[in-house]
Every structure is written in structure tokens, then in C-alpha cells.
Amino acid sequence: MACPAAVDVPRYLRLIRDGNFGAALAVVRERIPLALVCGYVCARPCEANCGRGQWEEAVAIRALKLVAAQRGEEEAGAPVRRPATGRRAAVIGSGPAGLGCAYYLALQGHEVVVFEARDRIGGMLRFGIPEFRLPDDAVDADLREIERAGVVFRTNSRVESAEGLLGSGHEAVFIATGAWRGVRLGIAGEEQQDVIDGLSFLDAVRCGTPPPIGKRVVVVGGGNTAIDAARSARRLGADVVQIYRRGRDEMPAVRDEVEEAIEEGVRLETLVAPVRVEAGAVIGVRMSLGEPDESGRRRPVPVAGSEFRIAADTVIVAIGQEVVVPSAGVALGANGAVSVDPTSLATSLPGVFAGGDAVTGPASIIAALAQGRQAAVAIDRFLGGDGVIGATRSPDESRGACSVRGTPRSAAVLRAAAERVDDFAMVDFPFDGGAAMREAERCLSCDLRAFEVSINAAACKDCGYCGEVCGLGVFGRSEEFNASGYRPAVATRGDRCIGCLRCLQVCPDFAIAIREHA
């Protein structure tokens with residue numbers, strides 16, 4: 001339920017548990033073609049919502065996807081295409097949204113060409129993520145699966161106009177050009193040569209032509225691009241200070257990677273914002289957190305008189321990215337991204353669709369893949385198809401074995417930090433087959449279990465303890481008062497209950513009852 005692409009997580013975990021890696025990979029590919037890529041670098045919203053976290057830690061879902069992708073290729077079989085339709089579609093951009101759309105359109109029998117301005121396919125996957133997180137051979141392997149589906153790749157083919165593609169025989173166009181232009185800080189001194197944007201830096205590193213950055217580097221930002229830039233700069237021999245204007249808990253970067261960066265020697269300075277860049281230094285100011293802003297996070301407020309100096313030979317700015325759209329005719333939103341119909345992802349131009357970062361702004365790989373598949377459904381219908389893509393097989397209804405409470409999550413095996421900063425090789429090692437099967441056994445098969453959560457409204461005194469111990473969002477608060485003057489708890493999302501009984505155990509009023517349905 002938490003996966004943007006709706007990958008059937010418990011179903012493929014049960015298959016891994018039983019050692020059926022090929023079938024597990026086939027389940028993943030029902031929703032995303034980039035199984036290896038996501039096995040390495042997915043942002044893991046599924047793990048943040050995993051029911052096992054109510055007991056110990058979430059199941060290592062991403063790591064298990066990687067094992068399925070590595071071990072299941074031969075058994076998974078070739079992609080199955082529908083008969084050729086003779087209809088033609090073009091995709092602009094070869095990042096995750098474009099690749100996802102192209103793959104599923106090709107499986108529907110359409111002729112699909114992906115146009116990529118660079119000399120290699122992959123977009124942000126290839127040029128925006130360091131190789132110590134996502135190796136080239138993983139991208140190449142997933143691309144081979146997409147080519148097997150019938151997609152044609154054209155590199156060194158920059159498209160200036162989506163409208164022009166419609167006029168050259170393509171009946172539908174999908175804009176998936178991503179968000180590649182770095183956002184500027186808007187402070188004095190950032191026009192200097194030694195101030196570079198994070199994506200340009202990562203791009204140059206991936207291409208083997210890193211810029212000279214000196215010994216002292218300051219990275220500005222708290223997202224994944226900023227963390228990747230900081231870790232890359234460390235591998236180039238620099239002392240790195242990363243500054244972020246909010247606290248560590250508000251950083252949008254993946255938590256594990258923040259911790260790994262700190263292990264590798266990145267000095268993280270939170271509640272700091274840059275106010276100007278001078279020769280050889282960034283001038284920063286301390287911040288405090290005020291009231292929440294429109295994003296729900298507390299707004300950073302400068303602390304008067306707190307300016308200080310951070311020595312810097314190079315400043316890498318990674319505070320966001322903007323969209324550049326290859327069309328003069330499509331309507332844009334207030335943020336400069338393409339404006340689309342939320343269901344069909346159709347733009348204001350008939351036959352032109354858009355998705356991924358070009359629509360949402362910078363987001364996750366899994367969210368971009370989800371939009372690519374969503375667009376493929378709409379484009380298939382536009383081209384005369386039924387929009388039914390890769391109909392899911394009947395789920396395995398057998399829950400099977402499950403590890404007992406207290407079974408710890410299998411720990412990732414990482415290279416030593418001192419060794420990691422010497423090169424751009426992978427940071428961690430994948431599970432072997434046996435370890436993957438044992439970890440998959442921790443899955444509770446929540447999709448095959450159902451619980452009824454009932455609350456005695458008359459007895460509840462609105463202490464809120466149930467909501468505090470439930471990480472799955474089962475409980476809310478009634479709008480009505482009971483006879484004692486309290487607003488009792490209500491099970492607003494009882495469907496999320498996994499039967500851990502933590503709410504029942506903590507309730508001082510004995511007002512909660514949990515019953516599993518047969």
C-alpha cells in the first residue's frame with residue numbers, strides 16, 4: 001500500500017522466502033522494469049510503513065528486491081509482448097519515468113522509441129547517482145530487459161520540440177526529461193567559479209572528469225543529491241562540511257545514507273544557512289526552528305548575530321532542481337513544471353503526455369516509475385488499446401511460516417568507512433540466497449491477515465497512548481464527546497492493524513479489543 005508503484009511486496013517476499021527468486025522478480029516487474037536499480041537505490045517508503053516495525057525493525061524489503069533481481073533473471077523469463085499494433089509512440093528522456101513508460105507501452109505491442117540527448121541511456125540513474133550507490137552494470141542489466149521488450153533507444157538525440165515528434169510519424173509523445181537545472185541560492189558571491197551545483201558535480205564525477213575542488217568543500221543542502229555530492233567529494237580527497245538549514249530529523253535524504261556519510265568523515269552542520277560566499281569561505285548563520293511552513297516542517301529562522309565563517313575552496317549547492325521542458329506549447333504550472341491531467345498525465349497538447357520529475361519536480365525513482373506506468377496506461381488507450389497492462393496473477397493465499405517476535409532484521413554488511421572513501425566501489429554487500437530467505441521469513445503477510453479493532457467509547461479517557469505506540473496510523477480521535485467529557489479514540493484505519501497488541505497493552509482504561517478474522 002505504501003509503494004508509489006504498487007509493487008506487491010508481501011507476495012514477492014513470500015516467494016523469496018520459499019527460494020523462488022525468478023517468480024519474485026516476475027512479481028516486481030509487473031509494476032516496475034528497473035528491479036536492479038530499485039534494489040540498489042529505492043527510497044524505501046514500503047519499509048517506513050512495514051508492519052514488522054511494530055515489533056523490531058522493518059523487513060529489509062529493498063535488499064530482498066535486489067537479491068531477487070540478481071538471482072532470478074534466468075527463471076523470470078523474457079517479457080511477453082502483445083501482438084504488434086502498428087502504432088508509434090516516442091519518449092523524450094531515458095530516466096526512470098521514461099523507461100517505465102516505454103517498457104509497458106512496448107509490451108502492449110506498440111513501436112516505442114526513447115530519445116536521449118546524452119551518449120548513454122539512463123538519465124539521472126546514469127549521471128546523477130554515484131557509482132558507489134548504483135553501479136553501471138546494474139543500470140545496463142535493467143536496460144537489457146527493456147530492450148528485450150522491444151524498446152528502441154536513440155542516443156545523442158536531443159529533442160527540442162515534442163510537437164515536432166508528433167509531426168514526424170509518432171502518434172503519441174511522453175515528456176520525461178526530469179529536473180536537471182540546479183536551483184540557485186540567491187545570495188551574494190554564488191556567481192563565483194568555485195560555486196557549482198550538485199547535479200553538475202555528480203555528472204562530472206560519473207563521467208570521469210571531476211572538477212578540481214581543492215581540499216576544503218562546503219556542500220549546501222539536506223537531500224539525497226547533497227549527501228551524494230558530499231560523499232563523492234570525500235572520495236576525491238576533500239575535507240567536507242555539509243550545512244543544512246533545518247535539523248537532522250527534517251533532512252529529506254535517506255537516513256542510512258546520512259549516517260554512512262558521517263561515518264565516512266562528512267561533517268554535518270545542521271541549523272545553518274549560507275548568507276554569502278566570499279573568497280575562500282562561506283559565511284553562514286545559525287538557525288532556529290519556528291512554526292511549520294506549507295510543507296509541514298518547522299520553518300528555519302535566522303538567529304540574530306550568529307554569523308560565522310566556514311573555510312571553503314569549493315561550494316557545492318544542492319538545494320533543489322528545476323524543470324526544462326522541450327516544448328513551447330504545453331501549459332506549465334506555477335513552479336515551471338509541466339501541467340497535466342492527474343489521471344491521464346495528458347498535457348494541454350493533444351497526444352502529448354508528461355510525467356516524472358518533469359511534472360512533480362525532484363522526487364523519488366519509484367515515484368517516477370509509477371508515473372511512467374500510469375502514462376503508459378493512458379497512452380495505450382489513446383492509441384486504441386484497452387489500457388490493461390500486465391494483469392496481475394492471483395496472489396498466493398498461503399501465509400506460510402513467519403519468524404517469531406524478536407527476530408532481528410538481517411544487518412547490512414558494509415565495507416569499513418576508511419576503505420570506502422578510497423574509491424567509488426559499492427559500499428555494501430548483498431545478502432546471499434540463504435540470508436535473503438531468512439529475512440523474507442520475517443514478513444508478516446499483512447495482506448492476508450485482517451483484524452477488527454474496537455474501542456469502548458464510554459471507557460476511553462482520550463490519553464492518546466494508543467496512537468503513540470501505533471506506527472501504522474490505525475487510530476484517530478472522535479469528533480464526539482463521551483458522557484465523561486472526553487473525545488475517545490476511534491479506529492479510523494483498522495485495515496492497517498497487524499495484531500501486535502501494543503495499543504491494548506498500553507491502554508490504561510482497558511478500552512481496546514482486537515480480534516483477528518478467520
Side-chain angles (χ1 to χ4, degrees), residues 16 21 34-44 47 56-71 122 124-142 198 201-208 210 213 215 217 219 222-242 248 251 253-268 316 318 365 408-440 442:
I16 292 172
F21 298 106
L34 302 178
L36 270 169
V37 165
C38 287
Y40 279 109
V41 293
C42 183
R44 300 177 292 177
E47 293 186 24
E56 318 94 22
E57 291 182 89
V59 177
I61 298 170
R62 185 179 74 184
L64 294 178
K65 184 188 290 101
L66 177 60
V67 176
Q70 290 175 326
R71 291 175 172 266
M124 197 71 73
L125 307 173
R126 182 80 73 186
F127 299 107
I129 301 175
E131 194 157 9
F132 59 80
R133 288 185 56 215
L134 180 59
D136 259 356
D137 58 4
V139 179
D140 292 337
D142 279 342
F201 172 69
L202 292 173
D203 188 340
V205 172
R206 279 302 297 259
C207 292
I213 57 175
K215 186 63 179 173
V217 170
V219 177
N224 290 322
T225 298
I227 289 291
D228 285 346
R231 298 177 73 184
S232 297
R234 282 289 295 137
R235 284 159 171 76
L236 295 175
D239 295 325
V240 180
V241 178
Q242 182 173 349
R248 185 169 169 180
M251 291 180 70
V254 175
R255 188 176 299 273
D256 290 354
E257 283 150 27
V258 175
E259 293 170 356
E260 288 170 16
I262 293 171
E263 289 173 3
E264 292 166 4
V266 174
R267 196 177 100 214
L268 180 61
I316 300 174
I365 291 170
R409 174 182 169 122
S410 300
V413 179
L414 275 68
R415 298 164 62 206
E419 178 185 336
R420 300 199 301 255
V421 296
D422 285 339
D423 56 41
F424 282 82
M426 282 300 301
V427 167
D428 55 1
F429 301 96
F431 293 150
D432 62 29
M437 291 168 67
R438 289 190 295 275
E439 177 62 18
R442 296 180 66 240

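Just so it is clear, the model here is predicted, and its values are computed rather than measured.
- Residues Met251 and Leu268 form a side-chain contact, since some pair of their non-hydrogen atoms from C-beta on lies under 4.5 Å apart.
- Using a cut-off of 4.0 Å between Lys/Arg side-chain N and Asp/Glu carboxylate O, Arg126 and Asp140 are scored as salt-bridged.
- The shortest side-chain heavy-atom distance between Leu202 and Arg206 does not fall under the 4.5 Å cut-off.
- The shortest distance between side-chain heavy atoms of Met124 and Ile365 does not fall below 4.5 Å.
- Side-chain contact between Val41 and Val37 is present, with heavy atoms from C-beta onward closer than 4.5 Å.
- Applying the side chain to side chain contact (heavy atoms under 4.5 Å, CB included) rule to Asp423 yields the partners Arg415, Ala425; only residues at least two apart in sequence or on another chain are considered.
- Phe429 and Leu414 make their closest contact through CE1-C, 4.4 Å (heavy atoms, listed as atom of the first residue, atom of the second, distance).
- Between Leu125 and Leu134, the closest side-chain pair of non-hydrogen atoms falls below 4.5 Å.
- Evaluation of the side-chain hydrogen bond (donor to acceptor under 3.5 Å, both in side chains) rule for Asp428 yields no partner, not counting sequence neighbours.
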Asp422/Arg235 under side-chain contact (heavy atoms from CB on, under 4.5 Å): CA gap, chis, key distance, verdict: CA-CA 6 Å; Asp422 285 339; Arg235 284 159 171 76; over 6 Å; no
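- What you find for Ile227 and Ala253 is that their closest heavy atoms are CG1-CB, 3.6 Å.
- Put simply, the side chain of Arg248 reaches to within 4.5 Å of the side chain of Ile262, judged on heavy atoms.
- With Tyr40 as the aromatic partner, Arg133 does not meet the cation-pi criteria of under 6.0 angstrom to the ring centre and within 45 degrees of the ring axis.
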Residue pair Val219, Phe201: steps toward the side-chain contact (heavy atoms from CB on, under 4.5 Å) verdict: CA-CA 11 Å; Val219 177; Phe201 172 69; over 6 Å; no
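- Between the side chain of Arg62 and the backbone N or O of Cys42, at least one donor-acceptor pair lies under 3.5 Å.
- No side-chain heavy atom of Met426 sits under 4.5 Å from any side-chain heavy atom of Phe132.
- Residues Ile61 and Arg44 are not in side-chain contact: their nearest non-hydrogen atoms beyond the backbone lie 4.5 Å or more apart.
- Each salt bridge (Lys or Arg N to Asp or Glu O under 4.0 Å) pair with one or both residues in residues 429-440, not counting sequence neighbours, appears once here: Glu439-Arg442.
- Closest approach of Ala60 and Phe431 over heavy atoms only: CB-CE1, 4.1 Å.
- For Asp203 (side chain) and Gly128 (main-chain N/O), no donor-acceptor pair under 3.5 Å exists by modelled atom type.
- Looking at every heavy atom in both residues, Gly39 comes nearest to Leu66 through O-CB, 3.6 Å.
- Residue Ala440 comes nearest to Ile16 through the heavy atom pair CB-CG2, 3.9 Å, listed as atom of the first residue, atom of the second, then distance.
- With salt bridges taken as basic N to acidic carboxylate O contacts below 4.0 Å, none links Arg409 and Glu56.
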If you apply the rule side-chain contact (heavy atoms from CB on, under 4.5 Å), what do you find for Leu236 with Phe424, and how did you get there? CA-CA 9 Å; Leu236 295 175; Phe424 282 82; 4.2 Å; yes
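- For Arg234 (side chain) and Ala238 (main-chain N/O), a donor-acceptor pair under 3.5 Å exists by modelled atom type.
- Residues meeting the side-chain hydrogen bond (donor to acceptor under 3.5 Å, both in side chains) test with Asp239, sequence neighbours left out: none.
- Checked against salt bridge (Lys or Arg N to Asp or Glu O under 4.0 Å), Arg420 has the following partners two or more places apart in sequence or in another chain: Glu263, Glu264.
- Partners of Asp142 by side-chain hydrogen bond (donor to acceptor under 3.5 Å, both in side chains), not counting sequence neighbours: none found.
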